[in-house]
Participant: 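Before anything else, here's the structure in question.
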Amino acid sequence: MTITLTRRQTDATTLAAELAASPMHLTAHTTTAQAAEAIADERLGYGPRHAQDTINWESGAYPDLALARQDAARALVDGLGPDLLQSAVTHALHTARTLTTQQPWADAIAHLGKRIENRKQRTQYRGLLLIHAATRADEDLVAQAQDEHPDLSFPRRAIVATGRLTGCHRARLDDNGRVCCAPWGEPEGWHWELSGISALPEPVSCTGALYLWTPDAHVLDAVLAMRSEAR
């Protein structure tokens with residue numbers, strides 16, 4: 001399938017702006033893969049408007065530091081080579097995985113601060129993540145959640161957020177018998193650690209799969225397009 005937005009040629013100025021807006025600590029030793037991961041994370045999670053807004057805010061609040069970071073980002077992009085870096089960004093976007101979970105847990109991740117996903121198996125994957133709401137749902141819990149959060153729609157069969165999967169550990173109890181990662185962690189199985197979660201303005205409809213799965217090109221394009229259009 002042809003990929004459009006994930007393979008677009010981006011100029012050095014845009015790449016530098018995305019890199020400067022990311023939280024990455026920029027040094028002369030930053031590798032192409034590290035810079036590409038930071039740009040892909042910024043592009044998939046927030047979009048170009050966020051990058052510009054971040055730069056504008058930092059320039060107003062901390063002008064000297066902001067200018068130094070922008071200069072460092074541009075020097076890094078020029079040193080690595082814009083074409084090579086954009087190719088690496090495309091590769092980084094293609095390494096993204098999607099996690100399907102039932103509602104109301106998908107919206108709990110997207111909107112309610114749930115940063116632990118309870119699973120029976122561990123995972124070695126670390127990196128970019130799309131959160132997908134399954135077709136099936138726990139209807140009783142959804143009804144309860146809708147009463148408590150009437151502003152949420154709890155969509156099904158759709159991508160609802162992006163973020164990162166940053167770690168995985170076995171569930172454990174402390175000396176008082178309390179489970180770790182409260183209130184979301186369960187007492188058995190594995191806790192998958194999520195971070196940098198950013199809800200999509202609108203859900204992106206698609207079919208899910210078991211475990212971690214690779215999103216189709218058109219799904220990535222739809223998410224990237226939504227981030228690009230967000231205001």
Participant: Is Val179 reachable from Trp192 through a run of I, L, V, M, F, W or Y residues, each pair having side-chain heavy atoms under 4.5 Å apart?
Facilitator: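 Unlinked, Trp192 and Val179 end up in two clusters.
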Participant: If you measure from CD on Glu188 to CG on Leu173, what distance do you get to the nearest 0.5 Å?
Facilitator: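 Going from CD on Glu188 over to CG on Leu173, the span is 9.0 Å.
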Participant: Please say yes or no: joined through hydrophobic side-chain contacts below 4.5 Å, possibly via intermediate residues, are Trp105 and Leu194 part of one cluster?
Facilitator: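 In one cluster: no.
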Participant: Between the main-chain N or O of Pro155 and the side-chain N or O of Asp107, is there a donor-acceptor pair closer than 3.5 Å?
Facilitator: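 It does not hold such a pair.
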Participant: Considering non-hydrogen atoms only, spot the tightest contact between Ala133 and Val160 and give its length.
Facilitator: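 Smallest heavy-atom distance, with atoms named: CB-CG1, 4.3 Å.
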Participant: Taking Arg156 for the side chain and Phe154 for the main chain, is one N or O donor matched with an acceptor at less than 3.5 Å?
Facilitator: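 Answer holds: yes.
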Participant: Taking a hydrophobic cluster as the set of Ile, Leu, Val, Met, Phe, Trp and Tyr residues connected by side-chain heavy atoms closer than 4.5 Å, whether directly or through intermediates, do Leu84 and Leu76 fall within one such cluster?
Facilitator: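 No: no chain of side-chain contacts under 4.5 Å links Leu84 to Leu76.
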Participant: Can a donor-acceptor pair be found, under 3.5 Å and without considering hydrogens, that links the side chain of Ser198 to the backbone of Gly45?
Facilitator: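 Indeed, once roles are kept as given, a pair shorter than 3.5 Å links the two residues.
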Participant: Between Glu148 and Leu112, is there a side-chain heavy-atom distance shorter than 4.5 Å?
Facilitator: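 No, every pair of side-chain atoms sits at 4.5 Å or beyond.
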Participant: Within the side chain of Arg74, is there an N or O that forms a donor-acceptor pair under 3.5 Å with the backbone of Ala72?
Facilitator: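 Side chain of Arg74 to backbone of Ala72, a donor-acceptor pair under 3.5 Å: no, none is there.
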Participant: In the single-linkage hydrophobic clustering (I, L, V, M, F, W, Y; side-chain heavy atoms under 4.5 Å), do Leu93 and Leu212 co-cluster?
Facilitator: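 They do share one cluster, since a chain of ILVMFWY contacts under 4.5 Å joins Leu93 to Leu212.
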Participant: Working to the nearest 0.5 Å, report the span between OH of Tyr211 and OG1 of Thr100.
Facilitator: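 These two atoms lie 13.0 Å from each other.
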Participant: Out of curiosity, Cys168 SG to Glu117 CD, how far, rounded to the nearest 0.5 Å?
Facilitator: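 One gets 11.0 Å once the value is rounded to the nearest 0.5 Å.
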Participant: Can you name the closest pair of heavy atoms from Val219 and Cys206 and give their distance?
Facilitator: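 Nearest heavy atoms, Val219 then Cys206: CG2-CB, 3.8 Å.
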Participant: Start with the C-alpha distance between Arg164 and Glu37, add both sets of side-chain angles, then the distance that settles salt bridge (Lys or Arg N to Asp or Glu O under 4.0 Å), and finish with yes or no.
Facilitator: CA-CA 11 Å; Arg164 296 186 66 83; Glu37 185 82 5; 3.0 Å; yes
Participant: Measure the NE2-CD1 distance between His132 and Ile109 for me, rounded to the nearest 0.5 Å.
Facilitator: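 It comes to 12.5 Å.
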Participant: Just so I know, are the side chains of Tyr62 and Arg69 near enough to count as touching, which here means a heavy-atom distance under 4.5 Å?
Facilitator: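 A side-chain contact is absent here, since even the closest heavy-atom pair is not under 4.5 Å.
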Participant: Please answer whether the main-chain N or O of Thr123 pairs with a side-chain N or O of Arg126 as donor and acceptor at a distance below 3.5 Å.
Facilitator: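 Yes; at least one donor-acceptor contact below 3.5 Å.
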Participant: With rounding to the nearest 0.5 angstrom, report the SG to CZ distance, Cys181 to Arg115.
Facilitator: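 Result: 13.0 Å between the selected atoms.
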Participant: Report the distance from atom CG of Leu224 to atom OG1 of Thr162, rounding to the nearest 0.5 Å.
Facilitator: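 Spacing of CG (Leu224) from OG1 (Thr162) equals 9.5 Å.
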Participant: Between Ala92 and Leu128, what is the shortest heavy-atom contact and its length?
Facilitator: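 So the minimum-distance heavy-atom pair works out to O-CD1, 3.6 Å.
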Participant: Any side-chain to backbone donor/acceptor pair from His191 onto Glu186? Under 3.5 Å, distance only.
Facilitator: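 Yes.
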Participant: Specify the closest pair of heavy atoms between Ile197 and Ala161, including all atoms of both residues, with the distance to one decimal.
Facilitator: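 Closest approach of Ile197 to Ala161, heavy atoms only: CG2-CB, 4.1 Å.
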Participant: Please check this pair: side chain of Asp174 against backbone of Asn176, looking for a donor-acceptor N/O pair closer than 3.5 Å.
Facilitator: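 Yes, because the side chain of Asp174 sits within donor-acceptor range (under 3.5 Å) of the backbone of Asn176.
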Participant: Examine the side chains of Arg157 and Thr207 and answer whether a donor and an acceptor come within less than 3.5 Å of each other.
Facilitator: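 Checked: Arg157/Thr207 side chains pair up, N/O donor to acceptor below 3.5 Å.
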Participant: Check the hydrophobic clustering (I, L, V, M, F, W, Y; side-chain heavy atoms under 4.5 Å; chains of links allowed) and say if Leu129 and Met226 are grouped together.
Facilitator: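 Shared cluster, yes.
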Participant: Is it true that a side-chain atom of Asp11 and a backbone atom of Thr13 form a donor plus acceptor pair closer than 3.5 Å?
Facilitator: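 A pair under 3.5 Å: yes.
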Participant: Any luck finding a side-chain donor-acceptor pair between Ser228 and Arg43 under 3.5 Å?
Facilitator: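 There is no such pair (donor and acceptor under 3.5 Å, judged by atom type) between the side chains of Ser228 and Arg43.
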Participant: Using a 3.5 Å distance criterion without hydrogens, assess whether the side chain of Arg227 forms a donor-acceptor pair with backbone atoms of Leu44.
Facilitator: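 Here the side-chain-to-backbone pair exists.
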